[in-house]
Amino acid sequence: MQTTHLRGLLATEPALRFPADAVTSDASDPCAPSEHARWSRRIRSVVQRLARVDAEPLDVTEVTVSVREGLRCERLTLNSLTRGPFRGTLLTCEGAAPGPGILVLGGRNARLDQLTGDEAPDHPDRNVAEHLARAGFTTLTVEHGIGGGLDAERLAGRDEGALLAHAFALTGRSLLGALVGDALGALDVLRAHPSVDPERTGLFGHSLGAAVALHTALLAELPLPVCAASHLGSYPTLYERLLTGYEGAVLPGVLEYADLPDLFGALAPAPLQLQYGTADAYLDAAGARAAGEQVRQAYATAAAKDALDVLELPMGHGTHVDHAVDFFRRELSGPPPAPAAVPAQRIHFDVADRRTVLDRVDAALASGVLTQGPLVAGFEELSRGWTGTPGVAVASGSAALEIALRVIGVAGRTVLVPVNTFFATAAAAVRAGAGVRFVDLEPDGLGMDPDRLRDALDRHPDTAAVVPVHIGGIVSPALDGVLDHCRTRGIPVLEDAAHAFGSTLGGRPAGSFGRFGAFSFFPTKVAISGEGGLLTGARPEDLEDVRRWRDHGKSAAGSTLHDRPGSNWRLSELHAAVGTTDLERFAATLAARRRLAARYDDLLGGVSGLRAHPQPPGTEGNFYKYLVHLDGSVDRDALRRRLRERHGVSLAGEVYDRLLSDHPYFAGSGEDAEATEAGGEAYPRGRWFADHHIALPLYPSLTEAAQIRVVSALRSELS
Ligand SMILES: *Cc1c(COP(=O)(O)O)cnc(C)c1O
């Protein structure tokens, strides 16, 4: 055996080893992410990427029920897309009220019927599932399905698990990833069972099953208590010294990032019990002890010492069931843990998307073309499907606005913008050399009020451009009036469509109404590239001009002559790698946003003190924001604070809570005096909107349960 080679190979220092000098979490500021929390997130994202789990629900196709000495026993057939059908058994005390549930994952050669006690166990504690069920837990035990799936003739004495592992490896997947995918599916089956309180579930695993339980917990949405028996040590000792490694128990490539104790440590602060035997023929007790010490350190820095139990026991490669029972009694009997907070925003790329981005970045790096290459061209092409008008990719939404205004030529003249928009809309006009004047909004579509625009155009005959903004992703039907006034006077319109990628009015996409449409792909927007922008326009000569401006004002492509004060407003290939990947999933993004918005519409029906902002007829928004108007009497700041503190619900940012004329930079430079209406207030509609709306969290990964939480939190705070 070439153990020297083995030793050399395994002498890797993992890149994400938990730092011995990590700072302990500061309990006084529970909101600040601790060093441990950040590290744990990185470990989990690596595990996610290496495991490549397809989150597919398991189909239950067959159930037979029997009763044995007070235990109700359901035999299930579970169907997994990757691995076909496999068996599972659910045990529960007859007639018990819904209670905690445990997914029981046995070792590699464990027999389902022994784990559940249907067959006499050949070792005292082998019937773990039965023990746990008799102690009052509903258990679901599943077969790993890696023994006996192939017929004897084809198997020809080979190890089926090894064959499968090789087949998975060929496709860049892993056997462990497949087992974890099935365990996550099984967890959903367990939680959906009428005898289980879905908020109180845990994982038990022995040996290979402990590896599956560990990785399942690392990938689960919510923290889960885990009891892991006879699977502790460091990967190098397991593989090199004891030669007991098994490819089904590790993620290929994991040691480059983390060793086994790091993975356990990343579970903190979730409750964890580790059991190992001093007479285990496969595990080295000294190695397990050292590993346990490392896990302890990680738990200590997460300020979660008490959540960890490391038990050294006088046993072989087994389980001490009584300790497991005690652990789950303690961890699952209390009130369920507080549900995870609902963040205001979540930018999510699943593993498949991340791999696509990484492949594209890799191709760009390998080719050396890092900007203005095929990915940027692809990004422009993909965008066109949603803007209906050709576009030129630029570095940001702000760059898109500024370039359009420079092409139009606004220096020394007036640009009209809505009083209720993001600072960048007006700042771009200032940088392009214009004076900015504000126009009030119309309350239905939140666009520019055409009547107020007409007044402003009368007052400012030197207006060079008008910039309507599609607030919250709504292309206001009043845009027609805006376009009419501008057409009559020959003034170009630049749509600030930063919010409105994919939105339409009368079936026409945002960005196709004015001479130019400016989009942003900043991470909080609906379509994203990290940083990035796009300028659309119907006239080819305009777009050619845009290309000159974005590339330092070169007089022609590739020329060294400069004929205008352009700048570096280019999009890089690396950003386009993200942008193209996001645009390829944009149909799904849009559908998800619209589905979530429709659900909020339904849920908010009976809630008093607020009113959802209806989508105006003829429009199809992208729900960049789900906007809600509060009754005049509601204190918005207090509401926002109470939602966060009492319910863990964060509202999304308003659009916007302050008029541009009220920002220090523009204070006094607006023209409140002229815009003041009867009653003495400037921009009364914009101001009312700015003061009285909120935006509910809405992003494609938001769950129905989270939406229900948001709405019940609102109901309880407003009633
Ligand atoms: C985000 C945004 C911009 C600026 O886009 P960046 O890509 O951040 O430069 C401009 N206008 C509006 C309305 C925006 O929301």
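Quick note: numbers below take in every heavy atom, side chains included, and nothing from hydrogens, waters or symmetry partners. We count ligands from 1, going down the list as the structure has it; atoms in each ligand are counted the same way.
Distance check: Ile528 CD1 to Ser520 OG gives 10.5 Å after rounding to the nearest 0.5 Å. In this structure, the separation between OG1 on Thr536 and CD on Glu495 is 6.5 Å, given to the nearest 0.5 Å.
Ranking the protein heavy atoms by distance from atom 9 (O) of ligand 1 puts Ser398 OG, 2.5 Å first. Scanning the protein for heavy atoms near atom 11 (N) of ligand 1, the closest one is Asp496 OD2, 2.8 Å.
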*With side-chain hydrogen bond (donor to acceptor under 3.5 Å, both in side chains) as the test, would you mind laying out the steps for Ser559 and Ser555 before giving the verdict?*
CA-CA 6 Å; Ser559 167; Ser555 60; 3.2 Å; yes

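For Lys525, the heavy-atom gap to ligand 1 drops under 4.0 angstrom. A heavy-atom separation below 4.0 Å is found between Tyr656 and ligand 1.
The proximity of Ser396 to ligand 1, defined as any non-hydrogen pair under 4.0 Å, involves the side chain as well as the backbone. In His499, the part holding a heavy atom less than 4.0 Å from any atom of ligand 1 is the side chain.
Both the sub-6.0 Å distance and the 45° axial angle are not jointly satisfied by Arg593 relative to the ring of Tyr699.
Note: Phe423 and Phe666 have tilted aromatic rings, judged against thresholds of 30 and 60 degrees for the angle between ring planes.
Checking each of Trp386, Phe586, Phe519, Phe521 against Phe379 for a ring-ring contact (aromatic ring centres under 6.0 Å, His included) leaves exactly one that passes, namely Phe521.
Below 3.5 Å of separation, one finds an N or O of Ser520 facing an N or O of ligand 1.
Which parts of ligand 1 touch Gly397 is read off a 4.0 Å heavy-atom cut-off, strictly below it: atoms 5 (O), 6 (P), 7 (O), 9 (O).
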